[in-house]
Amino acid sequence: QVQLVESGGGLVQAGGSLRLSCAASGKIFRINVMGWYRQAPGKERELVARITTGGSTTYADSVKGRFTISRENAKNTVYLQMNSLKPEDTAVYYCNAELSYTNDGRNYNWWGQGTQVTVSS
């Protein structure tokens with residue numbers, strides 16, 4: 001039905017940068033919100049950043065000023081530019097989309113498979 005395909009994770013030294021991408025495809029009428037979450041070992045999944053169709057953004061306090069979320073609505077794609085990475089940013093990063101299949105007003109939540117980000121000290 002819907003696929004979210006992430007790319008861009010990897011290993012980087014502290015202070016470095018990575019850019020994550022997530023492309024949504026399938027039976028999609030409209031994507032209302034796209035976002036990135038992360039889950040470190042032994043911790044709960046947490047919001048990193050999210051962006052609405054209109055471009056309004058929300059960031060976790062821990063990444064403000066270092067991460068930037070953006071999206072290309074025409075391509076159903078969201079990006080996460082991560083700068084000044086810290087070892088505590090190490091986690092599996094998941095793409096999320098709140099979308100509708102038709103114009104009936106109902107939204108559905110979809111997740112990507114996750115991409116590992118490892119920041120070495």
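What you see below is based on every heavy atom in this structure, not just the backbone, and it leaves out hydrogens, waters and symmetry mates. This one's a predicted model, so the numbers in the text were calculated from it and none came from an experiment.
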Query raised in the report: Between the side chain of Arg66 and the main-chain N/O of Ser62, is any donor-acceptor distance below 3.5 Å?
Result: yes
Query - Residues which pass side chain to side chain contact (heavy atoms under 4.5 Å, CB included) with Lys64, listed by chain and number, not counting sequence neighbours - result: Tyr59, Asp61
Query - Pairs flagged by salt bridge (charged side-chain N to carboxylate O under 4.0 Å, His left out) wherever residues 90-102 is involved - sequence neighbours left out - result: Arg50-Glu98
Requested in this report: Mind running side-chain contact (heavy atoms from CB on, under 4.5 Å) on Leu85 and Phe67 for me, showing each step along the way?
Outcome: CA-CA 9 Å; Leu85 282 160; Phe67 291 10; 3.7 Å; yes
Requested in this report: Verify, without hydrogens or angle tests, whether Gln3 (side chain) and Gly26 (backbone) share a donor-acceptor contact under 3.5 angstrom.
Outcome: no
**Report entry** side-chain contact (heavy atoms from CB on, under 4.5 Å) evaluation trace for Phe29 with Asp104
**Finding:** CA-CA 10 Å; Phe29 175 73; Asp104 63 0; over 6 Å; no
**Report entry** Selection residues 26-59 - residue pairs positive for disulfide (SG to SG under 2.5 Å), sequence neighbours left out
**Finding:** none
Requested in this report: Check whether any side-chain heavy atom of Arg71 sits under 4.5 Å from a side-chain heavy atom of Ile31, and report yes or no.
Outcome: yes
Report task. Kindly compute the distance separating CD (Gln81) from CG (Leu18), expressed to the nearest 0.5 Å. Result -> 8.5 Å
Requested in this report: Looking only at non-hydrogen atoms, find the nearest pair between Ala24 and Leu4 and report the distance.
Outcome: CB-CD2, 3.2 Å
Query raised in the report: Would Val63 and Arg38 count as a side-chain contact (heavy atoms from CB on, under 4.5 Å) if you check the C-alpha gap in whole Å, the side-chain angles of each, and the deciding distance to 0.1 Å?
Result: CA-CA 12 Å; Val63 307; Arg38 67 187 181 187; 4.0 Å; yes
Query raised in the report: Would Met34 end up clustered with Tyr108 when hydrophobic side chains under 4.5 Å apart are linked, directly or stepwise?
Result: yes
Requested in this report: Kindly give the cluster partners of Val92, where membership spreads through any ILVMFWY side chain lying under 4.5 Å from a current member.
Outcome: Tyr37, Leu47, Tyr94, Trp111
Query raised in the report: Does Val33 share a hydrophobic cluster with Val2, counting links as ILVMFWY side-chain heavy atoms below 4.5 Å and allowing steps through other members?
Result: no
Query raised in the report: Taking only residues at least two apart or on different chains, which pairs with a member in residues 8-111 satisfy disulfide (SG to SG under 2.5 Å)?
Result: Cys22-Cys95
Requested in this report: For residues Glu72 and Tyr79, determine if any side-chain heavy atom of one lies less than 4.5 Å from a side-chain heavy atom of the other.
Outcome: yes
Report task. Drop me the distance from Gln13's CD to Ser121's OG, to the nearest 0.5 angstrom. Result -> 9.5 Å
Query - Contact summary for Thr90 and Ala40, nearest pair of heavy atoms - result: O-CB, 3.7 Å
Report task. Establish, from distance only, whether the side-chain atoms of Asn83 and Ser17 form a donor-acceptor pair under 3.5 Å. Result -> yes
**Report entry** Residue pairs passing the salt bridge (charged side-chain N to carboxylate O under 4.0 Å, His left out) test where at least one lies in residues 20-35, sequence neighbours excluded
**Finding:** none
Report summary line: Rounded to the nearest 0.5 Å, the CH2 atom of Trp36 sits from the CG atom of Leu20 at a distance of 4.5 Å
Query raised in the report: How far does CG of Asn32 sit from CG of Asn107, to the nearest 0.5 angstrom?
Result: 4.5 Å
Report task. With side-chain contact (heavy atoms from CB on, under 4.5 Å) as the test, would you mind laying out the steps for Met82 and Asp89 before giving the verdict? Result -> CA-CA 10 Å; Met82 304 185 293; Asp89 294 318; over 6 Å; no
Requested in this report: Would you check if Leu99 and Asn76 make a side-chain contact, meaning some heavy-atom pair closer than 4.5 Å?
Outcome: no
